[in-house]
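Here's the structure we're looking at; comments come further down.
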Amino acid sequence: MSAAEGSVWARLRDRVTASDPGLLRLAAGSRTAGSIALTLAVLAALRAPVPHLVAGAIASMAATFAIREKQRPQQAVTLALGLPVALASVSLGALLNSRVVAGDVFFVVLIFSAVYSRRFGDRGNALGLIGFQVYFMSLFVGATAATLPGLYGVLTVAFVCSALLRFVIVYETPAGILLRLREAFRVRLAQLVSAQLELLDAGPDQVDRAVESVREGTARLHETAMMIQGRLQDGTSDESVARLVQRRIAGAEIAAERLGLLLLNARSSERADTLTLHLPGASLPTGGRLPMREEATDILRRDLRALRMLVLRPAGEGGGTAMPHLRNRLLGYREEENLPPASVAVQDVFRGIGEASRAVLGLRVALGGPQDESDDTPATTRSREELDAEDAAIAGAEAGERVREEVPTGLRRPTTRAAVQVALGSSLAIVGGEFLSSQRWYWAVLTCWIVFINTSSTGEILVKGYRRLLGTVLGVVAGIVLAGLVGPHTWPAMLLVLLFVFAMFYTAPLSYTLMSFFVTAALGLLYTLLHTYSLAVLVLRVEETALGAACGIIAAAVVLPVRTDRRTNELLVTVLERLADVTGAAVEQLSGGVETDLLDQARDLDQALADLRSAVQPLTHPITPLRARRNTAQYLLALLETCAYHARSLAATAELLPTHPSIAADPRLRRACGRITHNIAALTAHVADEHAGAEVETGPSIASLLETGGTPGTPRYGRITDRVLRHLQRLDEAVVGLARPLGVPVPTPKK
C-alpha cells in the first residue's frame with residue numbers, strides 16, 4: 001500500500017470511528033443481520049418452508065437485539081433463559097390462536113408482564129422482550145398446534161445462531177469496546193481542534209457557520225466522553241486505572257472546550273459569552289475580530305495544527321524528533337515567559353493550547369503507558385511531574401459512598417405505571433384493531449407497545465408515535481415498490497430483508513423515523529414471501545399503526561399520566577441538585593476542606609443533564625406549536641450546559657489542588673460560593689413548588705467578594721488562579737440568568 005493510499009485509508013477509518021464511536025452501531029447491525037443470515041442458511045439447508053424461514057428471522061432478531069448486558073457471562077445466562085421463555089411463548093400463541101377472547105386476554109397479560117419486568121434490570125427487560133416478540137411472531141406466521149414441533153426446532157436454531165454470532169463470530173468484549181471508544185474520543189478531539197482552526201480563519205460571512213461547527217464538535221466530544229465513562233467499570237479490571245482514565249478523559253474534554261471559548265473571545269470584538277458555545281443560533285457580536293498581529297495569527301494557526309497532530313498520533317506510536325519538538329513548544333506556553341507578543345485575549349488562547357497539550361500528554365500516558373522522555377524540556381518535565389503526582393493521588397484515593405436515592409413504590413414506580421398504561425392501551429388497540437382487520441389487528445398492539453419503550457411522559461410518547469407513523473408511511477411506499485420488483489423470488493427478498501435489518505439497527509440511535517421506515521419496508525418483503533402481500537395489506541399497516549399510536553397516547557394521557565411539564569420539572573430539580581453538589585464540593589476542596597469524589601459527582605451531573613435533554617424533546621421538537629415554550633426550553637438547556645461546563649472545570653481544578661504548584665487552598669472561596677449555592681437552592685425550591693418565596697441574590701463580582709473577605713494586606717487572589725475566579729464568576733452569572741425564565745424573583749440592583 002502506498003503512502004497516499006494509507007493516508008486515504010486512515011482518514012476514512014477516522015471518519016467512520018468518529019461517526020460511530022466504539023463502532024457500537026456497526027456491531028449491533030452486523031450482529032443482528034449476521035444472526036438472521038446464519039439462521040436462514042441453516043434452515044434453508046434443512047429445507048424448511050418459507051413460513052419457518054420468516055419465523056426464524058424474527059426469532060433470531062429478537063434473541064439478538066433484546067440482550068443489552070455488557071458482560072459476556074451475563075449475556076450467556078440471559079440467552080440461555082430466553083430459549084425456554086420463547087418456547088413457552090410460541091406454545092401459548094399457537095394453542096390460543098383459535099380462542100379469540102382467551103388469546104386477547106393472555107396477550108394483554110403478557111404485555112403487562114413484559115413491561116413490568118423492566119424493574120428487574122437488563123435481564124428482566126430482555127426476557128420480557130423475547131416473550132413478547134416470539135408471541136407476536138406466532139401471530140404473524142399463523143402458528144397452530146400442528147406446526148409447534150417445527151417451530152420449536154426453528155427457535156432452537158435461531159437461538160444457537162444468535163449465540164454463535166454474539167460469542168464467536170462478532171466477538172466483543174467490554175475492554176475491546178472501551179478501546180474503540182477511546183480511539184473515537186481521540187478522533188473527535190482532533191475534529192474539534194480542526195473546527196477551532198476553521199473558526200480562526202473564518203471570514204465575516206463564515207463565522208456563524210464556524211461557531212456552529214465548534215459547538216457540534218464540543219457536543220460530540222462530550223457524548224463520547226459520557227459513553228467512555230459508562231463503560232469504564234466493565235471494560236477495566238483495575239479500579240484505579242479506570243479512575244485515572246476517567247480523570248484524563250474529563251481533563252482533555254474540559255481543556256478542549258476551554259480552548260474553544262478562549263478562541264471565541266479572541267475572535268469577537270467584545271468578550272464572547274459562554275452561551276455562544278451552547279445556545280443554538282447564538283453568534284459572535286458583529287464587528288469582526290480583534291486587531292491581531294499577523295505574525296501572532298500565523299503562530300496560532302501553526303500551533304493549532306501542531307496540537308491536532310499530537311492528538312491524531314496514536315498512543316505508543318513513535319514520531320521521530322518532530323513530535324517531541326512540537327510537544328515541548330506547546331507545553332512551553334504554560335510558562336508566562338514563552339507567550340508570543342499579542343493582546344491579552346490572544347495570549348489566553350496560547351495558554352489554552354498549552355493546557356490542552358498537557359491534557360493530551362496526560363491522556364497519552366494514561367492510555368499508552370510510559371513515554372520517551374529523552375527530549376523533554378524543563379517545561380515538559382514539570383508537566384510530567386504534575387501528571388505523575390496526580391496519578392499517585394488518584395491511585396491512592398478511594399471512591400466515596402454513593403447516596404442511595406429513594407426508590408418509588410407501587411403505582412409511583414415507573415415500570416409499574418408504564419405496565420398499566422401499555423396494558424390498557426393495548427386493550428384498546430386490540431378492540432380497535434379487530435374492527436379494522438380480524439387477521440392483522442396485532443399491528444396496532446405492536447405500535448402501542450413500541451411507543452412506550454424508553455419513554456417517560458405523554459409528550460415523549462406523542463413525539464415517538466408521530467415519528468413511527470411517518471416512518472411507516474414512507475416504508476409502505478418503499479414496500480410497494482420493492483415488492484413489485486422482487487415478486488416471488490425468495491432469496492433476493494431475504495437479502496433485502498437482511499440489508500434493511502442492518503440499516504434498522506445502525507440508524508436506530510440516530511433516527512426513530514428511519515428505523516420505522518426500514519422495519520416497514522422489510523415487513524412488506526416478508527408479506528411477499530408469505531404470499532399475503534397486497535396494496536390493501538400495506539395500507540392496513542398504516543391504519544393499524546396510526547390506531548396503535550393513538551391508543552398509546554390516549555392511555556398515557558388518561559391512565560396515571562405523567563405530563564411533560566411534571567417530568568421535566570422533576571429532572572430539572574435533579575440537575576440543579578447535582579449542580580449544587582459538584583459546585584459546593586469543588587469549592588470546599590479548593591477552600592482547604594475535605595476531599596470528595598468529584599469525578600463521580602460531575603458524571604452524575606452530566607447524566608442528569610442528558611436525561612433532561614431527552615425529556616425536553618417534545619418541547620423543542622420542530623412541530624411543536626408552542627414556539628415561546630420551545631425557545632424558553634432551548635435557552636434553559638443552554639444555560640444549564642454553561643453551568644455544567646463551569647462546574648466540571650471547577651471540579652477538574654480542585655482535583656489538581658494537591659499537585660499543581662499554582663493552585664492552593666483559599667478559605668475565602670467559601671464566601672464567594674455561598675451566593676451561588678443559595679441561588680441554586682432558590683431555583684430548586686421554586687421549580688419543586690412554584691409558590692415558594694425564595695429569591696436569588698445579586699451583588700458584586702466574585703473577585704470583589706474575595707477582596708473584601710480577606711484581611712488587610714492579604715493578596716487579592718491569594719494563590720488561587722484566575723481560572724477559578726472566572727469559572728465562579730461565569731457560573732454565578734449563568735445561575736442568576738436561570739432565574740428569569742424560571743420565574744424566580746430577581747432583586748433590582750440598588751442605585
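Treat the numbers as computed from the prediction; the structure is a model and nothing was measured.
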Side-chain donor/acceptor pairs under 3.5 Å, residues 497-506, sequence neighbours excluded:
none

Practice problem: Test L731 against Y645 for side-chain contact (heavy atoms from CB on, under 4.5 Å), laying out the working first. | Solution: CA-CA 9 Å; L731 181 58; Y645 160 69; over 6 Å; no
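- Of all heavy-atom pairs spanning S35 and A158, the tightest one is OG-O, 4.4 Å.
- Across all their heavy atoms, S162 and L79 have their closest contact at OG-CD1, 4.2 Å.
- The existence of a salt bridge linking D122 and K70 is excluded, since no basic side-chain nitrogen approaches an acidic carboxylate oxygen closer than 4.0 Å.
- For the side-chain contact (heavy atoms from CB on, under 4.5 Å) with L307, the qualifying choice from L330, L197, L312 is L330, the only one to do so.
- Between the side chain of Q75 and the backbone N or O of E69 there is at least one donor-acceptor pair closer than 3.5 Å.
- Residues V575 and L605 share a closest heavy-atom pair of O-CD1, 3.7 Å.
- Looking at R247, its side chain does come within 3.5 Å of a backbone N or O of A652 through a donor-acceptor pair.
- Residues passing the ring-ring contact (aromatic ring centres under 6.0 Å, His included) test with F159, sequence neighbours excluded: none.
- Considering CG of L221 and CZ of F185, their distance stands at 4.5 Å, rounded to 0.5 Å.
- Heavy atoms only, all atoms of each residue included: V582 and A647 are closest at CG1-O, 3.7 Å.
- By the side chain to side chain contact (heavy atoms under 4.5 Å, CB included) test, R119 is found to be paired with Y116, R413, T415, residues two or more places apart in sequence or in another chain being considered.
- Of the listed residues (R613, R648, R215), just one forms a salt bridge (charged side-chain N to carboxylate O under 4.0 Å, His left out) with E641, and that residue is R613.
- From D606, atom CG reaches atom CD of E253 across 6.5 Å, with rounding to the nearest 0.5 Å.
- The closest donor-acceptor contact from the side chain of R220 to the backbone of L189 lies at 3.5 Å or more, if one exists at all.
- S516 and R467 form no side-chain donor-acceptor contact under 3.5 Å, judged by distance and modelled atom types alone.
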Self-check item: Full working for side chain to side chain donor-acceptor pair (under 3.5 Å) between R188 and T224
Solution: CA-CA 8 Å; R188 283 192 166 182; T224 312; 2.9 Å; yes
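- The distance from atom CD of Q601 to atom CG of L579, rounded to the nearest 0.5 Å, is 11.5 Å.
- Counting only N and O atoms by type, the side chains of R31 and T64 include no donor and acceptor under 3.5 Å apart.
- The backbone N or O of T507 sits nowhere less than 3.5 Å from a side-chain atom of S511 that would complete a donor-acceptor pair.
- A salt bridge does not link R258 with E355: none of the charged nitrogens is closer than 4.0 Å to a carboxylate oxygen.
- Under the 3.5 Å distance criterion, the side-chain polar atoms of E198 are left unmatched by any main-chain donor or acceptor of A210.
- Atom CG of L262 is separated from atom CD of Q196 by 9.5 Å, given to the nearest 0.5 angstrom.
- Panel note: side chain R72, backbone F167; a donor-acceptor pair is recorded below 3.5 Å.
- Within the 3.5 Å criterion, the main-chain N or O of G29 finds no donor-acceptor partner in the side chain of T32.
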